[in-house]
Amino acid sequence: MGEYPEIKLIAIDMDGTLLDANHQVSEENRHAIREAEEKGIKVVLSTGRAIRTVKDYAVSLELSSYLVTVNGSEIWGPDGELVERNPVSTSLIKWMWDMSKHHKTHFWAISSTGNWHNEMPEDFEKHVWLKFGFDVEDDKVRELILKDLEARKEFELSNSSLKNIEVNAQGINKAKGLKNVCDLLGISMNNVLAIGDSLNDVAMIKEAGIGVAMGNAQDAVKEAANWVTATNLESGVAKAIHKWAI
């Protein structure tokens, strides 16, 4: 591969990247992942999703390694064990929930035990919260919320679509999660191929040895990447794996 690093780990985002419009993994993607695993390359799903909606995909893909979930708020081990958890404080979750009510926006929140959409549990203070998300159609309202969030300097801010804002604990992102996985495996981030489509993928794309943006990625993601592959509807993940890893 000449000047390019040897790939020992492939980090793949799920929605808009590995998965098609029906949340399915194409046969081409599935085959490329299997080839990589057979070559001894670790394949890690690195996603904003919680473990509850990731596990079945990891099992069906026969992955042998770690999972980075909720944008790095949790890392799960090869045997299904929780390796690390980085929660958002309950008081900050309450503050964001109040803000969503004030601006009348849709929201979602992920706790260690459940996903919540546009409603919160009565005993929300007893939950361990991992992420809060705003879903805002109005660009001006989204900008206002973003400014308030940035002003507090207590959050890691990203998105998984142009209409939303994803909020994690400060300093927690997919790159940080992957660095920890690399440490556990005894490899360098330089040996990582990272593939994604949204702002919550930018950190890992920048810090990986090779960062790849999907053809359907946001412009900021394409600018951060070393290479742009085909879209998630065209098995862009498989094309990236074949170009850079196998």
Side-chain angles (χ1 to χ4, degrees), residues 1-19 29 32 36 41-49 66-73 75 86 131 133-134 139 142-143 146-147 149-150 153 155-183 187-245:
M1 295 193 47
E3 63 191 283
Y4 295 106
E6 180 192 354
I7 297 304
K8 298 178 181 178
L9 187 152
I10 303 170
I12 310 173
D13 170 56
M14 290 179 66
D15 295 284
T17 300
L18 176 64
L19 307 181
N29 283 348
I41 298 170
K42 298 294 184 187
V43 177
V44 173
L45 298 179
S46 186
T47 176
R49 290 177 175 228
Y66 294 83
L67 298 169
V68 175
T69 63
V70 205
N71 292 341
S73 282
I75 297 172
N86 300 285
K131 184 173 81 169
F134 296 86
D139 292 346
R142 195 180 320 104
E143 282 300 315
L146 202 52
K147 276 185 182 166
L149 290 166
E150 287 170 343
K153 296 182 167 59
F155 305 112
E156 186 83 10
L157 304 173
S158 64
N159 74 17
S160 55
S161 83
L162 290 170
K163 299 289 186 186
N164 73 29
I165 304 169
E166 298 209 336
V167 187
N168 287 79
Q170 192 172 33
I172 299 305
N173 56 45
K174 293 181 181 184
K176 172 83 165 35
L178 285 168
K179 275 183 186 169
N180 293 353
V181 168
C182 284
D183 288 345
I187 63 175
S188 158
M189 280 293 282
N190 198 46
N191 300 117
V192 174
L193 166 64
I195 312 170
D197 73 306
S198 297
L199 293 190
N200 63 359
D201 300 310
V202 167
M204 72 171 183
I205 282 171
K206 280 183 172 175
E207 295 189 39
I210 298 170
V212 171
M214 299 299 294
N216 53 286
Q218 295 173 36
D219 289 343
V221 185
K222 290 179 178 176
E223 285 161 20
N226 299 101
W227 191 66
V228 179
T229 186
T231 71
N232 64 316
L233 305 183
E234 301 165 323
S235 300
V237 164
K239 291 173 175 63
I241 291 173
H242 282 292
K243 179 168 176 65
W244 299 107

Applying salt bridge (Lys or Arg N to Asp or Glu O under 4.0 Å), can you list everything that pairs with K174, at least two apart in sequence or on another chain? D13, D201
Sorted by chain and residue number, the salt bridge (Lys or Arg N to Asp or Glu O under 4.0 Å) partners of K206 (sequence neighbours excluded) come out as none
Can you tell me how far the CD1 atom of I210 sits from the CD1 atom of I7, to the nearest 0.5 Å? 4.0 Å
Could you list the residues that satisfy side chain to side chain donor-acceptor pair (under 3.5 Å) with D219, not counting sequence neighbours? none
Residues that E207 engages under salt bridge (Lys or Arg N to Asp or Glu O under 4.0 Å), provided they are two or more places apart: K179
Partner set under side chain to side chain contact (heavy atoms under 4.5 Å, CB included) for N190, not counting sequence neighbours: P5, S188
Where the side chain of N232 meets the backbone of N216, is there a donor-acceptor pair that is under 3.5 Å apart? no
Between the CD1 atom in I41 and the CG atom in L193, the distance rounded to the nearest 0.5 Å is 8.5 Å
Applying side chain to side chain contact (heavy atoms under 4.5 Å, CB included) to E150 and not counting sequence neighbours gives L146, L157
CA sep, side-chain torsions, deciding dist, call: T229, M214, side-chain contact (heavy atoms from CB on, under 4.5 Å): CA-CA 5 Å; T229 186; M214 299 299 294; 3.8 Å; yes
Atom OG1 of T69 and atom CZ of R49: how far apart are they, to the nearest 0.5 Å? 11.5 Å
Heavy-atom closest pair, residues A240 and V212: CB-CG1, 4.0 Å
Taking the side chain from K176 and the backbone from G72, do they hold a donor-acceptor pair closer than 3.5 Å? no
CD1 (I10) and CD1 (I195) are apart, to the nearest 0.5 Å, by 6.5 Å
Can you tell me how far the CD1 atom of I75 sits from the CG atom of L67, to the nearest 0.5 Å? 10.5 Å
Go through the structure and list residues passing side chain to side chain donor-acceptor pair (under 3.5 Å) with D183, not counting sequence neighbours. none
Restricting to non-hydrogen atoms, name the atom on I205 and the atom on A194 that form the minimum distance, rounded to 0.1 Å. CG1-O, 4.0 Å
Taking all atoms of both residues into account, what is the closest heavy-atom pair of S73 and I172, and its distance? N-CG2, 3.6 Å
What residues, two or more places apart in sequence or in another chain, satisfy side chain to side chain contact (heavy atoms under 4.5 Å, CB included) together with S158? N71, E166, L199, N200
Considering residues at least two apart in sequence or located in another chain, which fulfil the ring-ring contact (aromatic ring centres under 6.0 Å, His included) criterion with F134? F132
State, yes or no, whether a side-chain contact exists between S160 and D15 at a heavy-atom distance under 4.5 Å. no
Measure from the side-chain N and O atoms of N29 to the backbone N and O of A238, and report whether any donor-acceptor pair falls under 3.5 Å. yes
Nearest heavy atoms of S46 and M204, plus distance in Å: OG-SD, 3.6 Å
Set of side chain to side chain donor-acceptor pair (under 3.5 Å) partners for E234, sequence neighbours left out: T231
Write down the atom of A225, the atom of A213, and the distance for their closest heavy-atom approach. CB-N, 3.5 Å
Who are the side chain to side chain contact (heavy atoms under 4.5 Å, CB included) partners of K42, not counting sequence neighbours? L9, S64, S65, L185
Which residues pass the salt bridge (Lys or Arg N to Asp or Glu O under 4.0 Å) test with K239, not counting sequence neighbours? E28
All heavy atoms of A169 vs all of N86, minimum pair found to be CB-O, 4.2 Å
Taking atom CG of N168 and atom CD of E156, what is their separation to the nearest 0.5 Å? 7.0 Å
